[in-house]
Amino acid sequence: MPYVIAAACIDVMDRSCMDECPVDCIYEGSRKLYINPLECIDCGACEPACPVEAISQDRAVPEGQEEFVADGLRFFEDPLPGRDEPLGLPGGSMDLGPVGIDTDFIASYQKDG
């Protein structure tokens, strides 16, 4: 099961997880980071590196944050706002660089508090 980055990352984006990922499958949107579920090897190196505990396996996301599983896939499979093509399998965030765009779900997400 791949890992997912949920609500705690929004507007934080510490990026420590990116340094720990051995396959470079964590990509940078505008408000949060996204793990490509088709590139993730389920090693778990990213999870303890996250200082805000935003990362979990897709089957263990915090209650009420299940939508982040589907949204993480949408980031790669659907064209993002202003783009004609989906990201798909870019082959690594270091080569691609910051995407700078979020899914509609994240762009409009309101954090509690």
Side-chain angles (χ1 to χ4, degrees):
M1 295 285 154
Y3 282 76
V4 173
I5 300 175
C9 182
I10 297 174
D11 299 326
V12 175
M13 290 198 309
D14 174 77
R15 296 177 190 84
S16 296
C17 58
M18 295 176 82
D19 294 335
E20 295 301 319
C21 180
V23 294
D24 193 27
C25 71
I26 303 173
Y27 295 80
E28 185 175 338
S30 178
R31 295 184 68 196
K32 78 176 274 291
L33 302 173
Y34 300 82
I35 297 174
N36 191 321
L38 302 175
E39 294 176 346
C40 178
I41 61 170
D42 196 28
C43 70
C46 58
E47 186 176 20
C50 181
V52 295
E53 300 179 354
I55 302 173
S56 62
Q57 287 186 318
D58 63 355
R59 65 181 182 267
V61 294
E63 187 175 328
Q65 296 188 39
E66 295 84 2
E67 181 61 25
F68 284 88
V69 176
D71 191 65
L73 186 58
R74 275 195 301 270
F75 185 79
F76 299 97
E77 288 195 339
D78 295 348
L80 294 167
R83 290 181 169 248
D84 294 329
E85 300 289 327
L87 289 176
L89 297 171
S93 64
M94 295 299 271
D95 288 337
L96 183 65
V99 176
I101 304 168
D102 290 300
T103 61
D104 290 335
F105 173 70
I106 297 302
S108 63
Y109 192 86
Q110 299 293 314
K111 289 182 81 169
D112 294 334

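What you see is a predicted model; the values in this text were computed from it and never measured.
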**Study point:** Partners meeting side chain to side chain donor-acceptor pair (under 3.5 Å) with Asp71 (sequence neighbours left out)
**Key:** Arg74, Thr103
**Study point:** Any donor-acceptor N/O pair, Glu67 side chain to Gln65 backbone, under 3.5 Å
**Key:** no
Practice item. For residues Ser93 and Met18, report the shortest heavy-atom separation together with the two atoms involved. Key: OG-CE, 3.7 Å
Review point. From Asn36 CG over to Leu87 CG, what is the distance, rounded to the nearest 0.5 angstrom?
Key: 8.5 Å
Study note, to complete from the structure: Value for OG (Ser30) from CG (Leu80), rounded to nearest 0.5 Å, stands at 11.0 Å
Practice item. Evaluate the criterion side-chain contact (heavy atoms from CB on, under 4.5 Å) for residue pair Cys46 and Ile35; output intermediate values, then yes/no. Key: CA-CA 10 Å; Cys46 58; Ile35 297 174; 4.1 Å; yes
Review point. Can you check whether Gly88's main-chain N or O pairs, donor with acceptor, with Glu77's side chain at less than 3.5 Å?
Key: no
Check your understanding: Hey, is the main chain of Gly97 close enough, under 3.5 Å, to the side chain of Glu28 for a donor-acceptor pair?
Key -> no
Exercise for review: Work out which heavy atom in Pro81 is nearest to a heavy atom in Ile101; give both atom names and the distance.
Suggested key: O-CD1, 3.5 Å
Study note, to complete from the structure: Nearest heavy-atom approach of Leu33 to Cys9 is N-SG, 3.5 Å
**Study point:** Flag side-chain contact, heavy atom, 4.5 Å: Pro90 against Asp95
**Key:** no
Exercise for review: Report the residue from Ile106, Leu73, Ile26 that forms a side chain to side chain contact (heavy atoms under 4.5 Å, CB included) with Tyr34.
Suggested key: Ile106
Point to revise | Which atom of Asp102 lies closest to which atom of Ala107, heavy atoms considered | key: CB-N, 4.1 Å
Practice item. Check side chain to side chain donor-acceptor pair (under 3.5 Å) between Asp11 and all other residues, then give those that pass, not counting sequence neighbours. Key: Arg31
**Study point:** Separation between CZ of Phe76 and SG of Cys25, rounded to the nearest 0.5 Å
**Key:** 7.5 Å
Review point. Do any N or O atoms from the side chain of Asp58 and from the backbone of Tyr3 form a donor-acceptor pair under 3.5 angstrom?
Key: no
Check your understanding: What distance separates Cys50 SG from Glu20 CD, expressed to the nearest 0.5 Å?
Key -> 11.5 Å
**Study point:** Worked check of side-chain contact (heavy atoms from CB on, under 4.5 Å) between Lys32 and Tyr27
**Key:** CA-CA 9 Å; Lys32 78 176 274 291; Tyr27 295 80; over 6 Å; no
Practice item. Using the test ring-ring contact (aromatic ring centres under 6.0 Å, His included), find all partners of Phe68 that sit at least two apart in sequence or belong to another chain. Key: Phe105, Tyr109
Review point. If you count the non-hydrogen atoms of other residues, nucleotides and ligands that lie under 6.0 Å from CD in Glu53, is the total more than 12?
Key: no
Review point. Are Ile10 and Val4 connected in the hydrophobic side-chain network, where two residues link if heavy atoms are under 4.5 Å apart?
Key: yes
Check your understanding: Pro22 versus Ile41: any side-chain heavy-atom pair under 4.5 Å?
Key -> yes
Check your understanding: Are the side chain of Arg15 and the backbone N or O of Met13 linked by a donor-acceptor pair below 3.5 Å?
Key -> yes
Point to revise | For Val12 against Lys111, the heavy-atom pair lying closest together | key: CG2-NZ, 4.4 Å
Check your understanding: For Glu47 and Ser56, which heavy atoms make the closest approach, and how far apart are they?
Key -> OE2-CA, 4.0 Å
